[in-house]
Structure formats: structure tokens, C-alpha cells
Amino acid sequence: MINLNSPTMNFTSSTSDGEDFISRQLFFLKDLQIIELFLAVLVFVTIHSLRQGKHQGLPVWPFLGMLPSLVAGLRCNMYEWISDVLRRQNGTFIFKGPWFSSLQCVVTSDPRNLEHLLKTKFSVFPKGPYFRDTMRDLLGDGIFNADDETWQRQRKTASIEFHSAKFRQLTTESLLELVHKRLLPVLEKAMKNSISVDLQDILLRLTFDNVCMIAFGVDPGCLHPDLPEIPFAKAFEDATEATVMRFVMPTCVWKTMKFFNLGTEKKLKTSIKGVDEFAEEVIRTRKKELSLKEQNKKQRSDLLTVFMGLTDEQGQPFSNKFLQDICVNFILAGRDTSSVALSWFFWLLNKNPDIEEKILSEICKIIGERGDMRNGDLKNSNELIFRPEEIKKMDYLHASLSEALRLYPSVPVDHKEVVEDDIFPDGTVLKKGTKVIYAIYSMGRMEAIWGKDCREFKPERWLRDGRFMSESAYKFTAFNGGPRLCLGKDFAYYQMKFAAASIILRYKVEVVKNHPVAPKLALTMYMKHGLKVNLIKRDESEIQKFLKVKNQSIN
């Protein structure tokens, strides 16, 4: 029998336990070394990535590139985030996305580079296949998404119509009707009932009715006194917001989401359906009216009718789908840009009452020059209608609107693609296929472009001896530049000045206390939460004060 309690057995057991302990210790040391090695590599990669950030504007992480910084930027004010990077990089930086992704691009706010890509080398920098593919679901082959012959044909047709006397007369008459029979009564009702209103929503309704009337010969009635719910408006805003998200994620990601109908792509599909239904109804209505033109001698001139009378390269009438694309593109141009600009303008006026007073003084000075106003007596400001020649004289108002657009451009960023190797004036090398983002919002915040007071709302920077003086389109790019300069620029200014002057003469617009104001990430710079305001009736004595000052200066 074996004695389990013998000294030999105890020794053997103790030896075995000791070896196990040593083995465990060795394994623990090996694990610790692996962890230490992993941490050392992690620290090295982090330090290396952050050091690269000093030279390239943002940290560059293995495989992910600058994507973590982009995600962080999306969680705050994206436009300010881009501006901060551009300031550190003297106006241009190269964004490096994840490996094998579509997020590689050059971002610039340098006026020299903008003149190069928008004018000097215009043919080298089209919208490009990436932009067209990304925007196709919303804009199709419309003017904002088109290149080459398709773009040139639409541009030429629209240009002829925009510069016709008949079109200018139509725009003036329709705007007058909308402002005095719809906009002002809606504001008056809100003022009398002491109701806060979303001024951005009201202005979007105004410009939507206006663009539909002059471009398509259709009145959607968005700005009727009861402010009816317009499904198209919500669908259009959702569509622009969902579309812009495609630019901040790899193409393979949003295309996969589209295939499986997930997330923002599901929202986009639903909203585009609402947009298309409206465009289809507009075309159907217009075609029905044109088919009865022999019975109705009164014919209207509008862009849609002009395009309906044209043919494509094969000599066939344009398809309904192409006509829909034209409608959606001109709605984007005519509805969103002016209304969004006016919203930021009134917000800035609320913060700068001295500038509002100068605008009111200018308005009173101009109407005081009327023959029937020589005695400085305005019996009822509500009945006053501005004349086209008076709107043109409002230089300080023009400067104030330009200053608002400088700080809050309706289109905050735009996109081009390089079709052959090139070099920017600042030395940035551009390879064929490179995507270029020009940051219009950031340009207004560059000291190198506008001086140390670049963040101030200062209309005087646009005036020379009291007269408005425009800046280079490559320094102030709110209306684009070169061959793609906005065709509706003059109309947009007239529309904004007429609406703004009509409101300022009658009301003081006060933003509701503590109302949050921030830009929405979309194709155009909507205010994320709208612009809630209270309207206060302008005291007639205040107007008379400025009129008497004018009258005394004449005497």
C-alpha cells in the first residue's frame, strides 16, 4: 500500500505546484508584454496621427483617414468646423477619407482657386459624374446637375427668357401681388392676434408661390391667409437634407442603404415621391392649358412653356421626366435661396437695430422724394407700394442683404470634379478624378479675404460714397461665378429688397427670446428650427420723423 502522507509524495506535489505557479507567472508576463506592446503601438499611432493633423489640418488615422474628425464635425456646426480647418490651413486642405472610399477631396476657400475653377479653367472642372450620380434621384438632368450640352442648352434657353421684357414684367407684377395681397395680410393678422410666427416658413411660402407663378404659370396658393399645409414643401426640404448626407458617407454605404431601403435613403425615397407628384401635376396642368390655347387667346410666358416647345437631340419633345427635372431645379433655385437669405437677414437685423434704423431712414428718404410727399406727410404706410425705380435706389438695403449673404450664403458649399491633371494657383496638385469642394460659407469668415472684422455684420463694407459696389464673384460667391453665374441674381435682389422694404416700413421684427438659431445641414442653409418672431407695428411717428428729416434737408 502506498502511503499518501509520505514525505516523498509531499515533495513531488510541492514541486508540481511550484512549476504551475512559475508557468502561470510566465504566461502572465507574456500577456502583459503583449498588452504593453499593443498600448505602445496605439500611443505611437495616436501621436503620429495627431502630428499629421498639424500639417494636414486633421488627424489621419490608419484605414479610417480623417473620418473620425468628420463624424465629430457632423455633431456640431459642420460649416464652422470646415471654416476652422481652412483657417488653420491657409484656405485649402486635402480631406482623406477611409481607404477605398469616395470621401477623398480637396476643400478650398481661396479666391484665386475659385477664379481658376469657376472661370479660367471652367472646362476642366465640371460638376462631374460623382456629383451627378449622388444628386440624380433629386435633381435628375436639371440645370444644377447637368454638364456639357445638356447644361448649355438649358442655360441658353433660361437666359433668353430671364432677359426678356415680358418675363421681367411678369416677375414684377407677380411679386407685387404676392407681397401686398398675401404676405402683408398674413403678417398683419399675426400682429393683431399677438401670435408668434415662423418667418422662415412664411418667406418660403412667398418664394415658392412666386417661382411657380413666373416659371411654370401655376399658383400653388402656399401663402393664403390660413397658411395651408403643403405636402410638397416638407417633402422638398426632407429630400434636400437626405441628399446632402450622401456626400458625407462612402458611396458604397449609401448605395447599400438605398438597395435595402434603410435610414436616410428610405426618407429620401419617400420625400422624392412627394416632390415628383407635385412636378407631375404642374406639367399635367400646363399641358392641359396649352392644349386649349386656341380657345383661350390669353397666352402666358413662363419657363416651363418654353421648354415644352423645344425638342431633344433626336428632334423629339422633351419627356415628362426631363420636364420634371427642370421644375425641381428651378424650384431649388427660386424658392430656397431668396427665402433662406431673407431669414438670416432679419435675424441679423434683430441683433443690429442700428442697421435696421439706417435701412428705414433710407426707405423714408426715397419715398420722401415722391412728388406727393414733398410736405413729409405719409397718411397710411400700409397702402404704400414701392415702385421698381425706388427699389433700385435702395443701396444700403442692397448692401445689408449682400452682407447677410456673405455671412450666411444660401448655398454654403458647392462641388466640382477634375477631368484632367491640374494645379491650383496656391500650388495644390489636382489629379484627374479629384473632387473639389469650395466652401462659400467659410469664405465669409476668412480674415485674409475680408479683414479682421470679417465676422461682423457690416453693410458699410459694400458702399463707396454711399453707393453699393459689388465685389468679385470669386471673393463673394453667393451667386456662383464664371459661366455658371446665377441667371436670377438681379431678380433675387429685387425680390429680397421689395419684400424686406415692405416689411421693415410696416413692422419691427423681433426674434422670440431664447429661440435657438442654427443652420441645418442641407443643400441650402435653412435655419434648423425656423425663425420664430413677433411682429410689432411700426409707429407712424417714427416714419414721420425720418420723412421730416428728409424734407428739412431738401429745404
Side-chain angles (χ1 to χ4, degrees), residues 50-60 65-66 69-70 72-74 76-97 103-122 124-125 127-128 131 247-248 402-403 405-418 421-431 433-458 461-462 470-482 484-485 519 521 525:
L50 293 173
R51 281 180 176 173
Q52 281 187 305
K54 291 183 179 180
H55 302 290
Q56 301 189 42
L58 294 169
V60 185
M66 296 176 175
S69 298
L70 176 62
L74 287 169
C76 55
N77 185 331
M78 182 71 171
Y79 307 119
E80 284 292 340
W81 175 79
I82 293 173
S83 301
D84 288 340
V85 179
L86 286 168
R87 272 194 296 272
R88 295 198 300 268
Q89 296 302 110
N90 297 318
T92 304
F93 79 98
I94 299 172
F95 183 86
K96 297 181 178 180
L103 294 180
Q104 324 292 333
C105 62
V106 172
V107 185
T108 187
S109 61
D110 190 321
R112 297 171 299 167
N113 294 347
L114 264 70
E115 183 170 8
H116 185 80
L117 70 90
L118 294 176
K119 177 186 167 186
T120 310
K121 290 288 192 73
F122 174 74
V124 177
F125 298 93
K127 288 288 185 179
F131 184 89
F247 288 97
V248 294
S402 298
E403 184 71 346
L405 279 165
R406 180 184 72 84
L407 289 169
Y408 297 96
S410 298
V411 180
V413 295
D414 212 338
H415 178 282
K416 296 286 185 179
E417 192 165 328
V418 187
D421 292 355
D422 198 23
I423 300 176
F424 266 154
D426 70 357
T428 303
V429 177
L430 304 166
K431 294 294 182 182
T434 300
K435 292 181 283 294
V436 178
I437 305 293
Y438 52 106
I440 303 168
Y441 176 94
S442 302
M443 292 181 73
R445 287 154 176 75
M446 293 292 162
E447 289 187 9
I449 302 175
W450 296 99
K452 291 187 179 298
D453 61 355
C454 61
R455 284 183 170 269
E456 294 179 24
F457 181 55
K458 188 178 176 183
R461 73 175 84 243
W462 297 87
S470 60
E471 290 283 359
S472 161
Y474 313 106
K475 176 180 177 181
F476 174 63
T477 321
F479 293 94
N480 221 312
R484 280 190 181 260
L485 180 70
L521 188 62
M525 190 174 278

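The residues of the chain are indexed from 1 along the displayed sequence.
- Under the 3.5 Å distance criterion, the side-chain polar atoms of Trp81 are left unmatched by any main-chain donor or acceptor of Leu70.
- Under the 30°/60° scheme for interplanar angles, the aromatic rings of His116 and Phe125 are found to stand perpendicular.
- Atoms NZ and NZ, from Lys121 and Lys416 in turn, are 14.5 Å apart once rounded to the nearest 0.5 Å.
- Evaluated for a side chain to side chain contact (heavy atoms under 4.5 Å, CB included) with Tyr438, the options Asp110, Val413, Leu114, Val106 yield exactly one hit, Leu114.
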Worked check of side chain to side chain contact (heavy atoms under 4.5 Å, CB included) between Trp450 and Lys475: CA-CA 9 Å; Trp450 296 99; Lys475 176 180 177 181; 3.7 Å; yes
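- Using cut-offs of 30° and 60° on the angle between ring planes, the pair His415 and Phe247 is tilted.
- Between the side chain of Arg445 and the main chain of Leu407, a donor-acceptor pair closer than 3.5 Å is present.
- In this structure, a donor-acceptor pair under 3.5 Å is present between the side chains of Asn113 and Thr92.
- At least one donor-acceptor pair under 3.5 Å links the side chain of Arg406 to the backbone N or O of Cys454.
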Lys127 vs Arg484, side chain to side chain contact (heavy atoms under 4.5 Å, CB included): CA-CA, chis, key distance, verdict: CA-CA 11 Å; Lys127 288 288 185 179; Arg484 280 190 181 260; 3.8 Å; yes
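- The heavy-atom pair separating Ala439 from Leu86 by the smallest distance is CB-CD1, 3.7 Å.
- The shortest heavy-atom contact between Pro412 and Met525 is CB-CE, 3.5 Å.
- For NZ of Lys119, the number of neighbouring non-hydrogen atoms (other residues, nucleotides, ligands) closer than 6.0 Å is 12 at most.
- At a threshold of 4.5 Å between non-hydrogen side-chain atoms, the residues Thr428 and Thr108 do not count as touching.
- A distance of 15.0 Å separates OH of Tyr79 from CG of Asp84, quoted to the nearest 0.5 Å.
- A cation-pi arrangement is absent between Arg87 and Phe93 under the rule of less than 6.0 angstrom and at most 45 degrees off the ring axis.
- A distance of 11.5 Å separates OG1 in Thr477 from CG in Leu405, rounded to the nearest 0.5 Å.
- The CD1 atom of Ile82 sits 10.0 Å away from atom OG of Ser109, with the distance rounded to the nearest 0.5 Å.
- To the nearest 0.5 Å, atoms OH (Tyr441) and CE (Met78) are separated by 12.5 Å.
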Side chain to side chain contact (heavy atoms under 4.5 Å, CB included) assessment of Ile437 paired with Phe95: CA-CA 10 Å; Ile437 305 293; Phe95 183 86; over 6 Å; no
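- Within the 4.5 Å cutoff, side-chain heavy atoms of Arg88 are placed close to those of Leu58.
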Full working for side chain to side chain contact (heavy atoms under 4.5 Å, CB included) between Trp462 and Glu471: CA-CA 8 Å; Trp462 297 87; Glu471 290 283 359; 3.6 Å; yes
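- Here the straight-line distance linking atom CD of Glu115 with atom CZ of Phe122 works out to 14.5 Å at 0.5 Å rounding.
- Looking at Arg461 and Glu456, no side-chain N of the basic residue comes within less than 4.0 Å of a carboxylate O on the acidic one, giving no salt bridge.
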